[in-house]
Amino acid sequence: MTSVPVDEPTATSAPNLQSTLPTPPSPRLARLRERASEVLPDIVLPAITFLIVLLVWHVIANHVATGFPGIGETWARGVELLSNPFYSNGPNDMGLFWQVLYSLGRVTAGFVLAAIVGVPVGFLMGSSAVFRRGWAPLIQILRPVSPLAWLPIGLLLFRAVDPSAIFVIFITSIWPMILNTASGVEAIPKDYRNVAAVLRLNRIEMVRHILLPATLPYVLTGMRLSLGIAWMVIVAAEMLTGGIGIGFFVWDEWNNLNVPSIIVAIVVIGVVGILLDTGMNLIQRRFDYTHR
């Protein structure tokens with residue numbers, strides 16, 4: 001019986017397994033892919049939403065309400081308004097950004113006054129049961145009142161546009177600061193107060209070293225909510241009081257039947273609101289220890 005010779009495998013006949021394996025991506029490329037997977041949804045999804053809104057706008061302007069301004073007309077008006085936003089031809093004819101700056105000035109004044117009053121009142125309500133029981137019913141009654149209901153009171157008290165608008169902002173934006181600050185004081189662990197008693201801290205030292213750091217997240221959250229309310233309120237207040245401001249600009253353009261200008265102003269109001277909220281968010285991350 002003869003044996004059949006078997007050829008020994010050679011180096012060239014064996015497959016090169018190493019060459020068939022996929023090359024792993026470099027660490028830098030892997031980080032870029034990971035970053036892209038995180039960022040793309042934040043870009044693509046809002047873009048889809050805006051495209052849907054523009055499509056609905058186009059359908060409404062061309063098929064539902066033919067008198068409503070279209071996208072092209074509004075865009076042209078926006079370019080016209082934003083190309084020279086700081087012109088000034090007198091108190092009744094000023095650029096769009098001047099209107100925004102006047103409104104921001106009133107918002108800042110009312111917001112600062114609300115913080116000066118609201119935060120200490122919140123500390124008192126959170127630390128004193130007597131004060132809380134005495135003031136809580138009044139706050140619950142006044143808090144739901146519409147901002148426009150306060151405007152005649154402001155005009156009667158101050159008989160001027162600016163103080164009246166500031167008063168309306170103050171009286172409507174103070175409540176979140178009071179309630180959030182009081183909630184923060186009430187949420188302080190009892191151990192903190194015991195430590196303050198052991199260390200024999202006086203009232204000022206207790207506020208500085210115990211109450212303020214522990215309640216800071218609540219205070220900043222209340223301020224953030226109040227600033228958003230203040231920016232919404234100023235538009236309504238200026239529409240009724242007149243003068244200079246983004247609210248008055250909207251009402252004046254409506255009287256002139258210039259609806260594209262109103263749409264541009266609405267977009268500007270929204271953008272400024274986002275910037276204000278972003279600024280408060282940065283402050284909150286800087287001083288709030290829970291975000292570190």
Side-chain angles (χ1 to χ4, degrees), residues 32-89 92-107 146-148 151 165 168-169 172 224-225 227-282:
L32 289 176
R33 289 180 178 177
E34 182 180 359
R35 181 61 178 168
S37 65
E38 296 175 355
V39 173
L40 280 179
D42 295 333
I43 298 176
V44 175
L45 296 179
I48 294 174
T49 303
F50 279 110
L51 288 176
I52 294 174
V53 172
L54 292 176
L55 178 61
V56 172
W57 182 1
H58 177 76
V59 172
I60 292 175
N62 289 275
H63 302 286
V64 179
T66 55
F68 195 80
I71 299 175
E73 182 182 358
T74 304
W75 176 265
R77 181 56 178 165
V79 172
E80 180 182 354
L81 288 173
L82 298 177
S83 61
N84 188 17
F86 286 106
Y87 78 89
S88 179
N89 296 327
N92 294 323
D93 187 13
M94 305 184 73
L96 187 60
F97 282 5
W98 280 123
Q99 311 282 354
V100 173
L101 289 177
Y102 271 89
S103 297
L104 285 174
R106 297 185 181 110
V107 167
S146 170
L148 299 182
L151 188 57
V168 172
I169 294 169
T172 53
R224 188 174 179 180
L225 294 173
L227 186 59
I229 293 173
W231 183 241
M232 288 190 296
V233 167
I234 189 60
V235 177
E238 290 175 344
M239 290 177 70
L240 297 180
T241 57
I244 305 172
I246 190 64
F248 171 74
F249 175 83
V250 172
W251 187 249
D252 189 54
E253 293 301 304
W254 167 248
N255 290 330
N256 295 327
L257 299 179
N258 198 344
V259 182
S261 297
I262 297 175
I263 298 176
V264 174
I266 289 173
V267 174
V268 171
I269 291 169
V271 172
V272 174
I274 292 174
L275 294 177
L276 291 175
D277 186 72
T278 302
M280 283 301 303
N281 185 36
L282 294 175

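In this chain, numbering begins with 1 at the start of the sequence shown. Both backbone and side-chain heavy atoms feed into the values below; hydrogens, waters and symmetry mates do not. Predicted, not measured: the structure shown is a model, and the values here were computed from it.
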Visitor: Starting at CG of N281, measure out to OG1 of T278 and round the result to the nearest 0.5 Å.
Guide: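 Here the interatomic distance stands at 7.0 Å.
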Visitor: Under the 3.5 angstrom rule, does the side chain of T172 hit a backbone N or O of P147 as a donor-acceptor pair?
Guide: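 The answer is no, because no donor-acceptor pair under 3.5 Å joins these two groups.
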Visitor: State the CG-CG distance between L275 and L104, to the nearest 0.5 angstrom.
Guide: 9.5 Å
Visitor: So how far is it from L82 CG to R77 CZ, rounded to the nearest 0.5 Å?
Guide: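 Reported to 0.5 Å precision, the distance equals 10.0 Å.
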Visitor: Hey, what do you get for CG (L227) to CG (L276), rounding to the nearest 0.5 Å?
Guide: 5.0 Å
Visitor: Check whether more than 12 heavy atoms from other residues, nucleotides or ligands sit under 6.0 Å from atom CZ of F86, and answer yes or no.
Guide: yes
Visitor: Apply salt bridge (charged side-chain N to carboxylate O under 4.0 Å, His left out) to E73 and list each qualifying residue two or more places apart in sequence or on a separate chain.
Guide: none
Visitor: Looking at every non-hydrogen atom in both residues, tell me the closest pair between I244 and E238 and how far apart they are.
Guide: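 Nearest heavy atoms, I244 then E238: O-OE2, 3.9 Å.
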Visitor: Taking W231 for its side chain and I274 for its backbone only, find out whether a donor-acceptor pair lies under 3.5 Å.
Guide: no
Visitor: Between D252 and F248, is there a donor-acceptor pair closer than 3.5 Å when you use the side chain of the first and the backbone of the second?
Guide: no
Visitor: Got a second to check how far I48's CD1 is from I43's CD1, nearest 0.5 Å?
Guide: 12.0 Å
Visitor: With side-chain contact (heavy atoms from CB on, under 4.5 Å) as the criterion, how do M239 and V235 come out once you've worked through the C-alpha distance, each side chain's angles and the decisive distance to 0.1 Å?
Guide: CA-CA 6 Å; M239 290 177 70; V235 177; 4.3 Å; yes
Visitor: Check step by step if side-chain contact (heavy atoms from CB on, under 4.5 Å) holds for F249 and I269.
Guide: CA-CA 11 Å; F249 175 83; I269 291 169; over 6 Å; no
Visitor: List the atom of I246, the atom of A265, and the distance in Å for their closest heavy-atom pair.
Guide: CD1-CB, 4.1 Å
Visitor: Apply side-chain contact (heavy atoms from CB on, under 4.5 Å) to the pair V233 and V107, showing each step before the final yes or no.
Guide: CA-CA 9 Å; V233 167; V107 167; over 6 Å; no
Visitor: Within this structure, what is the NE2-CG distance for the pair H58 and L51, rounded to the nearest 0.5 Å?
Guide: 13.5 Å
Visitor: So, does W57 use its side chain to make a donor-acceptor pair with the main chain of P69 at under 3.5 Å?
Guide: yes
